[in-house]
Amino acid sequence: MGIMGMIYMVTMLFSLIILILSSSTVGFDYFQFTLQYQPAVCNSSRTPCKDPPDKLFTVHGLWPSNRNAPDPEYCKETTLNVTKIGHLKAQLDIIWPDVYDRTNNVGFWGRQWEKHGICGSPTIQDDVNYLETVINMYTIKKQNVFEILSKGKIEPEGKNRTRKEILKAIRSGTKGKRPKLKCQKHTGMTELVEVTLCSNRNLTKLINCPDLFKPSSQYFCPLIGIQY
Ligand SMILES: *[C@@H]1O[C@H](CO)[C@@H](O)[C@H](O)[C@H]1NC(C)=O
Ligand SMILES: *[C@@H]1O[C@H](CO)[C@@H](O)[C@H](O)[C@H]1NC(C)=O
Ligand SMILES: *[C@@H]1O[C@H](CO)[C@@H](O)[C@H](O)[C@H]1NC(C)=O
Ligand SMILES: *[C@@H]1O[C@H](CO)[C@@H](O)[C@H](O)[C@H]1NC(C)=O
């Protein structure tokens, strides 16, 4: 093989590697819909939340994700077009507040859209569709973790819970699908801070969340002693 042949081979090999790497980081195979428990979020904050938190789970974000590769982020330069979302704002203020600073809700949705939402194409068509999809999932599709827990008789009473009872209550509201739980340690307690429900890539059905926090993670929820 001549020198040109070598160069050709090496170039092709590199192109192939880059193609594989970029397709796995830009694509996605499922969605995470993450809800956060406001009082626990405020407890984790370095600066106190400006308004007192509600004892509710509200939306953190809807994230295109990958089972076996990094989740895509910032897939394309974009900004949220604020002039188009007026009709959604009242509802989003309730279900998707910036818990740290509610005067900044629009900024929060914009950051989620720019970092995650834009990567959800073609399931997510544009910025307005991203926000509408979140509303739809929380309301019509009933992926409202607070309601789901409440139906399972788990109310936010600051009690010591087992992981099993939390999972059981959530599964009973999600056709048995396994959620992803996130806990955090705070002043000697372990608090439930986030619950993620997972859906297939076209958002037509719930699936078992594939990627749970490992026991070695600071966010792992232990078997017993989970505060909610
Ligand atoms: C937040 O921290 C306070 C004070 O440490 C505690 O009383 C409260 O239970 C915590 N909230 C949650 C949701 O764990
Ligand atoms: C935002 O949306 C409005 C109304 O649809 C449109 O007129 C305007 O050009 C858009 N702005 C940008 C920066 O895309
Ligand atoms: C959604 O995705 C599933 C598999 O991921 C596929 O079987 C189904 O046909 C898709 N539905 C639509 C409407 O594209
Ligand atoms: C909750 O459980 C933890 C760990 O099992 C324990 O240390 C703590 O004392 C319990 N708290 C209450 C209020 O029962």
Side-chain angles (χ1 to χ4, degrees), residues 34-60 74-92 95-102 105-122 124-135 144-150 152-167 169-170 179-196 213 217-228:
T34 298
L35 299 125
Q36 54 187 4
Y37 184 55
Q38 293 189 10
V41 170
C42 289
N43 273 357
S44 72
S45 168
R46 269 156 272 115
T47 53
C49 290
K50 287 193 176 165
D51 304 288
D54 297 318
K55 286 187 170 180
L56 288 177
F57 275 88
T58 45
V59 179
H60 182 175
Y74 302 106
C75 298
K76 212 173 122 205
E77 190 78 30
T78 180
T79 52
L80 185 70
N81 186 337
V82 178
T83 62
K84 291 193 301 186
I85 64 165
H87 62 300
L88 304 174
K89 190 167 181 304
Q91 213 168 1
L92 289 169
I95 70 164
W96 200 357
D98 180 336
V99 175
Y100 301 112
D101 179 3
R102 288 160 203 262
N105 290 352
V106 176
F108 183 39
W109 310 330
R111 288 196 307 282
Q112 290 289 319
W113 160 248
E114 288 151 30
K115 184 173 178 184
H116 302 284
I118 184 75
C119 300
S121 170
I124 304 295
Q125 290 136 34
D126 58 20
D127 50 358
V128 172
N129 180 247
Y130 183 57
L131 303 183
E132 284 172 347
T133 301
V134 166
I135 293 174
N144 172 341
V145 166
F146 181 81
E147 290 291 329
I148 291 172
L149 285 170
S150 183
K153 301 281 185 293
I154 298 201
E155 307 288 352
E157 299 161 317
K159 281 193 184 159
N160 243 0
R161 314 277 182 179
T162 65
R163 187 171 70 209
K164 197 171 168 189
E165 65 182 315
I166 294 170
L167 287 177
I170 296 171
K180 174 178 182 170
L181 305 181
K182 177 177 171 179
C183 288
Q184 69 188 6
K185 295 193 180 63
H186 173 76
T187 61
M189 299 183 304
T190 301
E191 304 170 347
L192 178 63
V193 59
E194 284 186 350
V195 174
T196 298
F213 288 112
S217 164
Q218 62 171 319
Y219 299 127
F220 181 71
C221 290
L223 278 173
I224 57 166
I226 301 175
Q227 201 85 14
Y228 176 71

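Basis for what follows: all heavy atoms, side chains included, without hydrogens, waters or symmetry-related copies. Start at 1 and go down the list; that is how both ligands and their atoms are numbered.
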Visitor: Given the rule in the side chain to side chain contact (heavy atoms under 4.5 Å, CB included) test, do Ile154 and Glu165 qualify, once you have shown the distances and angles that lead to the verdict?
Guide: CA-CA 8 Å; Ile154 298 201; Glu165 65 182 315; 4.1 Å; yes

Visitor: Does either side chain, that of Gln184 or that of Glu191, offer a donor lying less than 3.5 Å from an acceptor on the other one?
Guide: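 The criterion, which ignores hydrogens and geometry beyond distance, is satisfied for Glu191 and Gln184.
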
Visitor: Check the orientation of Tyr37 and Phe57. Use parallel for under 30°, tilted for 30 to 60°, and perpendicular for over 60°.
Guide: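 Correct class here is tilted.
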
Visitor: Counting only nitrogen or oxygen atoms and a 3.5 angstrom limit, does Lys84 reach ligand 2?
Guide: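 No, there is no polar N/O contact under 3.5 Å.
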
Visitor: For Lys50, check side-chain contact (heavy atoms from CB on, under 4.5 Å) against everything at least two apart and list the hits.
Guide: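 Residues passing side-chain contact (heavy atoms from CB on, under 4.5 Å) with Lys50: Asp101.
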
Visitor: On a heavy-atom basis, which atom in Trp113 and which in Leu80 lie closest, and how many Å separate them?
Guide: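 Residues Trp113 and Leu80, closest heavy atoms: CD1-N, 3.8 Å.
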
Visitor: Which pairs pass salt bridge (Lys or Arg N to Asp or Glu O under 4.0 Å) with one or both residues in residues 75-88, sequence neighbours excluded?
Guide: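 The answer is Lys84-Asp127.
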
Visitor: Any idea which atoms of ligand 2 are less than 4.0 Å away from a heavy-atom of Thr83?
Guide: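 Per the distance check, 1 (C), 2 (O), 3 (C), 4 (C).
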
Visitor: If the criterion is any heavy atom closer than 4.0 Å to an atom of ligand 1, which residues make the list?
Guide: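 Answer by chain and number: Tyr37, Pro39, Ala40, Asn43, His186, Thr187, Met189, Glu191.
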
Visitor: The criterion is side chain to side chain donor-acceptor pair (under 3.5 Å); which residues satisfy it with Lys115, sequence neighbours excluded?
Guide: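 Partners of Lys115 under the side chain to side chain donor-acceptor pair (under 3.5 Å) test: none.
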
